[in-house]
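Input: a single structure, listed below in structure tokens.
A, B, ... follow the sequence lines: proteins, then strands. Residue 1 opens every chain. Everything numeric here is computed off the predicted structure, so don't read it as measured data.
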Amino acid sequence: MQKPVVTRFAPSPTGTLHIGGARTALFNWLYAKHTGGRFLLRIEDTDRERSKQEHVDAILNSLRWLELDWHGEPLFQFARADRHREVARQLLAEGKAYNCYLTTADLEAMRGAIDAERALAREEKRAPRGPQTIQSPWRDRDPKEAPAGVTPAIRLRAPREGETIVEDKVAGRVVVQNTQLDDMIIVRSDGAPTYNFAVVVDDHDMGVTHVIRGADHLNNASRQTQVYLACGWDVPVWAHVPLIHGPDGAKLSKRHGAQGTDEYRAMGYLPVALRNYLVRLGWSHGNDEIMSTEQMVEWFELDGIGKSAARFDFAKLADLNGHYIRKSSPAQIKARLQEALPEMENGAVTKAELDRVGWDTLDAILPALMERAKTLKDIPAGAAFLLATRPLKLEEKAAKILDTDAKATLKSLAAEFATAATWDAPTLDGIIRAYAEQAGKKLGQIAQPLRAALTGSTVSPPVGDMMVALGCEEALARIADQAA
RNA sequence: GCCCCGUUCGUCUAGUGGCCUAGGACACCAGCCUCUCACGUUGGUAACACGAGUUCGAGUCUCGUACGGGGCGCCA
């Protein structure tokens, strides 16, 4: 029987959840769901300087927001240092690792010598001589010769001949000559286990069967393979996912606008849209673009992952987001908005305003706003006319529309509206249409001045909807403000 | 510099030797719908990096070149 699949996401809490990390987490989550396996979380907090609890919280929050649930409690890597050292001791006892008494100064000197030889070789147009990696003499030296007072680092006794092969589900078969790999340090001289070692021990202990992570770790995979082999453990299935680049093709960075998942929330993107966008970045299932989470789970396979890096395209994300906003219920959007508004630009002010007048004020116009929104930000922006106070400030174009003719139209229209039997959109629309017909004018000649008077703008939801949202009194007052 | 990886429309991608006069989506352009905007809808512009080879036949296989990315720590 096939072992049940165990995947994991292992972020370092040195910042917020990077959008690339979000995709990695999504892929791991999807694959676990797809195979009926488990998705685990491990916090790689061994960098004591940069690891912060606030970052752990931020990452966990982003994962929850994305609705990527993990199995059990997150494992903290730093807390497992004793276990890592124990495995290292075992390797030492078996002769698969050794104490290395090289000092930092020694290493610098050796690297300097290698660089110098390489430079010389280039000049003389010949191949560089001697080892091209750090080769510790302590690999073969008698430990009795150890200098007094120097605490050793522990190095893995890696094979110096042959090759190390990584069978990657995405990259394929990656072969690295062992001469390229030095004896990696697994425990530092201060007793702290190194990343490439701790990762292997943890993944093994957690029972991880599939390591799905960024392609920036592909080189690490060969080193880690050597650790697995030394320990006599099964090597997991590797899948190194190509990185996400910014729109200009360079590594996604601050300059591109947003790297943190929390920033996308603040920009008004829906988790369902972000998931759909992210899953199509580097993975495909035929020509399917829009897919439900259920479909993603059903379809997600490792061999659907592409080999090349993808550029982030905000326009496509926005399109997807608009789609999912339209598919949501007004209640869902209202809830999302309440959640995200405090994080948005000027959102706190808008939220205070809406809290004051009551969120129900939005109800009449929300569906019309959702129809037009690309991000949640567009909702408060589109509802701004509701919160505005008379007399309205007119945009230049709006002022232009309100010429003498238009003002006269508004005046006679106001009288018609005052007779409305009920104040709802169909009735009001009916009045507008009847008036246009009777006056022999196009609808636009009536609706545009109305729009200008109601909003001070030339762009808005349908006027009928807005009049209902504003209420009879306010709507008529705004029309009267602009009427001749 | 060394090692590893990649390269199909502007972008994300389909494509696993003949179904490709290369398909879809976003973006863009034009039309329709229409009270503006948006939605929807119809159509359009637009790509196999380059060069050799294998083959009856190559976007698909091989090699080279160019370009891009990643990695070279007692960081993670």
Side-chain angles (χ1 to χ4, degrees), chain A residues 10-12 14 44-47 49-51 77 100 102-104 107 111 114-115 118-119 121-122 128 132-134 152-155 166 168 170-172 174-177 179-182 184-190 192 194-196 198-199 214-222 240 242-243 245 247 249-251 277 280-290 306-320 322-323 326 368-374 378 382 397 401 429 432-433 436 442-452 455 457-464:
Chain A
S12 302
T14 54
E44 313 219 308
D45 56 347
T46 52
D47 184 336
E49 287 293 308
R50 298 195 297 149
S51 294
Q77 191 162 59
C100 171
L102 251 25
T103 63
T104 311
L107 292 172
R111 283 200 189 96
I114 291 171
D115 285 348
R118 281 216 269 242
R122 211 176 319 140
Q132 296 302 302
T133 56
I134 299 284
I154 304 175
R155 283 186 189 269
V166 173
D168 192 275
V170 177
V174 178
V175 180
V176 177
Q177 298 303 313
T179 49
Q180 297 293 329
L181 269 17
D182 53 13
M184 62 180 273
I185 289 174
I186 58 176
V187 178
R188 300 184 183 91
S189 51
D190 67 357
T194 58
Y195 168 77
N196 274 318
V199 163
D216 48 339
H217 287 284
L218 186 55
N219 290 278
N220 286 331
S222 49
H240 289 91
L243 301 180
H245 291 160
K251 195 173 173 179
Y277 178 70
R280 282 290 285 114
L281 216 50
W283 175 83
S284 61
H285 179 262
N287 279 334
D288 294 304
E289 295 286 347
I290 289 174
K307 288 181 161 211
S308 50
R311 298 187 188 203
F312 202 93
D313 182 10
F314 282 92
K316 189 150 182 174
L317 207 210
D319 178 72
L320 240 19
H323 169 85
R326 272 172 259 130
L369 255 21
M370 284 164 60
E371 179 76 16
R372 290 158 177 75
K374 292 279 189 213
D378 295 337
K397 281 184 189 168
I401 285 175
D429 283 344
I432 296 169
R433 279 170 206 287
K442 283 185 181 171
L443 255 188
Q445 291 174 282
I446 311 300
Q448 278 304 80
L450 252 182
R451 187 183 320 281
T455 67
S457 168
T458 54
V459 177
S460 82
V463 290

Quiz item: Distance between the P atoms of U55(B) and G73(B), in whole angstroms?
Solution: 46 Å
Self-check item: Nucleotide nearest Ser284(A) when distance is taken to its side chain, options U13(B), G6(B), A76(B)
Solution: U13(B)
Practice problem: Would you mind building the protein contact string for nucleotides 62-69 of chain B? One character per nucleotide, 5' to 3', B for base within reach (heavy atoms under 4.0 Å), S for sugar-phosphate only, - for untouched. | Solution: -------S
Self-check item: Polar side-chain atom of Tyr195(A) near backbone of Glu44(A) as donor-acceptor pair, under 3.5 Å
Solution: no
Quiz item: Mind checking who C19(B) pairs with, Watson-Crick or G-U wobble, both distances under 3.5 Å?
Solution: none
Quiz prompt | C1'-based separation of C48(B) from C75(B) [nearest Å] | solution = 41 Å
Quiz item: Who is the Watson-Crick or G-U wobble partner of G43(B), with both distances under 3.5 Å?
Solution: C29(B)
Quiz item: Can you tell me how far P in G71(B) sits from the matching atom in U65(B), rounded to whole Å?
Solution: 24 Å
Quiz item: Any donor-acceptor pair under 3.5 Å joining the side chain of Ser189(A) to the base of C74(B)?
Solution: yes
Quiz item: Leu443(A) and Ile432(A): side chain to side chain contact (heavy atoms under 4.5 Å, CB included), yes or no, with the steps?
Solution: CA-CA 8 Å; Leu443(A) 255 188; Ile432(A) 296 169; 3.8 Å; yes
Quiz item: Is a side-chain donor or acceptor of Asp182(A) paired with a backbone partner of Thr133(A) at a separation under 3.5 angstrom?
Solution: no
Quiz item: Looking at Thr46(A), does any N or O in its side chain come under 4.0 Å of the phosphate oxygens OP1/OP2 on A76(B)?
Solution: yes
Practice problem: Mark up nucleotides 28-48 of chain B, 5' to 3', with B wherever a protein heavy atom is under 4.0 angstrom from a base atom, S wherever such an atom reaches only the sugar-phosphate, and - elsewhere. | Solution: -------BBBBSS--------
Quiz prompt | Watson-Crick or G-U wobble mate for C75(B), both contacts under 3.5 Å | solution = none
Quiz item: If you measure from the Lys or Arg side-chain nitrogens to the Asp or Glu carboxylate oxygens, is any gap between Glu289(A) and Arg280(A) under 4.0 Å?
Solution: yes
Self-check item: Asp182(A) CG - C3(B) P separation (whole Å)
Solution: 15 Å
Exercise. Counting heavy atoms from C-beta on, name the nucleotide in U11(B), C74(B), A27(B) closest to the side chain of Ala315(A).
Key: A27(B)
Quiz item: So what's C35(B) paired with, Watson-Crick or G-U wobble, going by both distances under 3.5 Å?
Solution: none
Practice problem: Please tell me which of the listed nucleotides, C2(B), G6(B), C74(B), lies nearest to the side chain of Gln180(A)? | Solution: C2(B)
Quiz prompt | Interatomic distance, His285(A) NE2 vs U13(B) P [rounded to whole Å] | solution = 16 Å
Quiz item: For U11(B), does OP1 or OP2 lie under 4.0 Å from any side-chain N or O of Lys316(A)?
Solution: no
Practice problem: Rounded to whole angstrom, note down the C1' distance from C2(B) over to U45(B). | Solution: 45 Å
Quiz item: G73(B) phosphate, OP1 or OP2: any side-chain N/O from Arg111(A) under 4.0 angstrom?
Solution: yes
Exercise. Please measure how far the C1' atom in C33(B) lies from the corresponding atom in G69(B), and state the result in whole Å.
Key: 46 Å
Quiz item: Which part of the nucleic acid, if any, lies within reach of Val175(A) when heavy atoms closer than 4.0 Å are counted: base, sugar-phosphate only, or nothing?
Solution: sugar-phosphate
Quiz item: Taking the side chain of Asp313(A) as its heavy atoms from C-beta onward, which of A14(B), C75(B), G10(B) lies nearest to it?
Solution: G10(B)
Quiz item: OP1 or OP2 of A76(B) less than 4.0 angstrom from a side-chain nitrogen or oxygen of Arg188(A), does that happen here?
Solution: yes
Quiz item: Does the G71(B) base have a donor-acceptor partner in the side chain of Asp216(A) within less than 3.5 Å?
Solution: no
Exercise. Counting Watson-Crick and G-U wobble pairs only, both distances under 3.5 Å, name the nucleotide matched with A52(B), or none.
Key: U62(B)
